[in-house]
A.B. asks: 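Take a look at this one; I'll ask things after.
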Amino acid sequence: MATGHTDPKRRDRIIDAALDLIAEEGLARVSHRRIAARAGVPLGSMTYHFGGIDELVREAFRRFTDHMVAVFDAHLAAPADRDEAREAVADLVHLMSEGSQRDLVLTQELYTLAARQPSYRELTQEWMRRSRVHLGKHFDPHTARQLDALIEGLTLHRALAREPHDRALTVEAIARITA
């Protein structure tokens with residue numbers, strides 16, 4: 001196995017392995033040993049790169065929230081007017097609810113942690129703030145806040161429903177909030 005000196009991406013692999021493990025098996029199954037095995041690194045690399053499992057999990061969720069903000073940015077950077085922004089929000093809801101189950105599971109795992117631990121609540125608050133910045137390019141702050149909650153709610157409902165609602169309902173809900 002490579003040493004840390006010749007393996008500059010080791011820390012990133014550990015973080016990615018932690019996210020994969022959380023998404024596939026749940027936070028309760030996360031351990032230094034399981035993450036190290038998944039990342040293909042010596043167990044000692046875990047304590048070399050992170051002060052403990054909590055630091056690693058926080059860093060992993062920080063990376064995840066950066067990814068989700070980038071998804072928001074990709075959808076909300078292009079619209080030229082309010083109508084295009086509404087369509088972009090609808091696209092975002094459907095992409096997130098029909099797309100990666102990994103992202104859906106990681107979101108819910110993070111929310112559960114945030115409900116119990118203030119440091120994770122701060123991370124989710126920062127994520128929400130950053131998401132609203134992108135929504136705020138097209139909508140006033142109160143509308144952006146409502147849309148942020150709508151996006152999360154509709155995404156979860158669509159992802160978990162046996163018969164997810166169609167795009168027309170999503171568009172109607174967005175229109176009501178942004179009227």
A.B. asks: Under the side chain to side chain contact (heavy atoms under 4.5 Å, CB included) rule, collect the residues that match up with Arg82, sequence neighbours excluded.
C.D. replies: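 Side chain to side chain contact (heavy atoms under 4.5 Å, CB included) check on Arg82 returns Arg86, Phe139, Thr178.
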A.B. asks: Membership question, hydrophobic clusters at under 4.5 Å side-chain separation (ILVMFWY): are Met96 and Val69 in the same one?
C.D. replies: yes
A.B. asks: Any non-hydrogen side-chain atom of Ile174 less than 4.5 Å from a side-chain atom of Val171?
C.D. replies: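 When only atoms from C-beta onward are counted, Val171 and Ile174 do not touch, as no gap falls below 4.5 Å.
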A.B. asks: Just so I know, are the side chains of Thr65 and Leu110 near enough to count as touching, which here means a heavy-atom distance under 4.5 Å?
C.D. replies: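 Yes, at least one pair of side-chain atoms sits under 4.5 Å.
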A.B. asks: With sequence neighbours excluded, tell me which residues meet side-chain hydrogen bond (donor to acceptor under 3.5 Å, both in side chains) with Gln146.
C.D. replies: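 For Gln146 there are no side-chain hydrogen bond (donor to acceptor under 3.5 Å, both in side chains) partners, ignoring immediate neighbours.
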A.B. asks: Taking only residues at least two apart or on different chains, which pairs with a member in residues 69-81 satisfy salt bridge (Lys or Arg N to Asp or Glu O under 4.0 Å)?
C.D. replies: Asp73-Lys137
A.B. asks: Could you pull out all residues at least two apart from Leu43 that satisfy side chain to side chain contact (heavy atoms under 4.5 Å, CB included)?
C.D. replies: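 Here the qualifying residues are His32, Arg33, Ala36, Met46.
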A.B. asks: Could I get the full list of side chain to side chain contact (heavy atoms under 4.5 Å, CB included) partners for Val133, not counting sequence neighbours?
C.D. replies: Arg129
A.B. asks: For Asp16, what residues pass the side chain to side chain contact (heavy atoms under 4.5 Å, CB included) criterion, not counting sequence neighbours?
C.D. replies: Arg63
A.B. asks: Any heavy-atom pair between the side chains of His138 and Glu84 that's under 4.5 Å?
C.D. replies: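 The answer is no; the side chains never approach within 4.5 Å.
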A.B. asks: Could you note down all residue pairs passing salt bridge (Lys or Arg N to Asp or Glu O under 4.0 Å) where residues 101-121 supplies at least one of them, sequence neighbours left out?
C.D. replies: Asp20-Arg102
A.B. asks: With sequence neighbours left out, write down each residue that passes side-chain hydrogen bond (donor to acceptor under 3.5 Å, both in side chains) with Glu172, or none if nothing qualifies.
C.D. replies: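 Counting only residues at least two positions away or on another chain, Glu172 forms a side-chain hydrogen bond (donor to acceptor under 3.5 Å, both in side chains) with Arg176.
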A.B. asks: Taking C-beta and beyond as the side chain, do Leu154 and Leu169 meet within less than 4.5 Å on heavy atoms?
C.D. replies: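 SC-SC contact between Leu154 and Leu169 confirmed.
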A.B. asks: Tell me the salt bridge (Lys or Arg N to Asp or Glu O under 4.0 Å) pairs involving residues 147-156, sequence neighbours left out?
C.D. replies: Arg132-Asp148
A.B. asks: Taking the basic N atoms (NZ, or NE/NH1/NH2) and the acidic carboxylate oxygens, is any pair closer than 4.0 Å for Asp54 and Arg58?
C.D. replies: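 Salt bridge between Asp54 and Arg58, a charged N being under 4.0 Å from a carboxylate O: yes.
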A.B. asks: Tell me the ring-ring contact (aromatic ring centres under 6.0 Å, His included) pairs involving residues 58-92, sequence neighbours left out?
C.D. replies: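 For residues 58-92, and leaving out neighbouring residues, the ring-ring contact (aromatic ring centres under 6.0 Å, His included) pairs sorted by first residue read Phe64-Trp127.
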A.B. asks: Got a sec, which hydrophobics cluster with Leu104, joining ILVMFWY side chains under 4.5 Å apart, including via others?
C.D. replies: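 Listed partners: Leu156, Leu160.
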A.B. asks: For residues 156-169, pull every pair meeting salt bridge (Lys or Arg N to Asp or Glu O under 4.0 Å), keeping only residues two or more places apart or in separate chains.
C.D. replies: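 Non-adjacent pairs meeting salt bridge (Lys or Arg N to Asp or Glu O under 4.0 Å): Glu87-Arg167, Asp91-Arg167, Glu98-Arg158.
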A.B. asks: Determine the minimum heavy-atom distance between Val105 and Ala23, stating which atoms define it.
C.D. replies: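 Looking at all heavy atoms of both residues, the closest pair is CG1-O, 3.5 Å.
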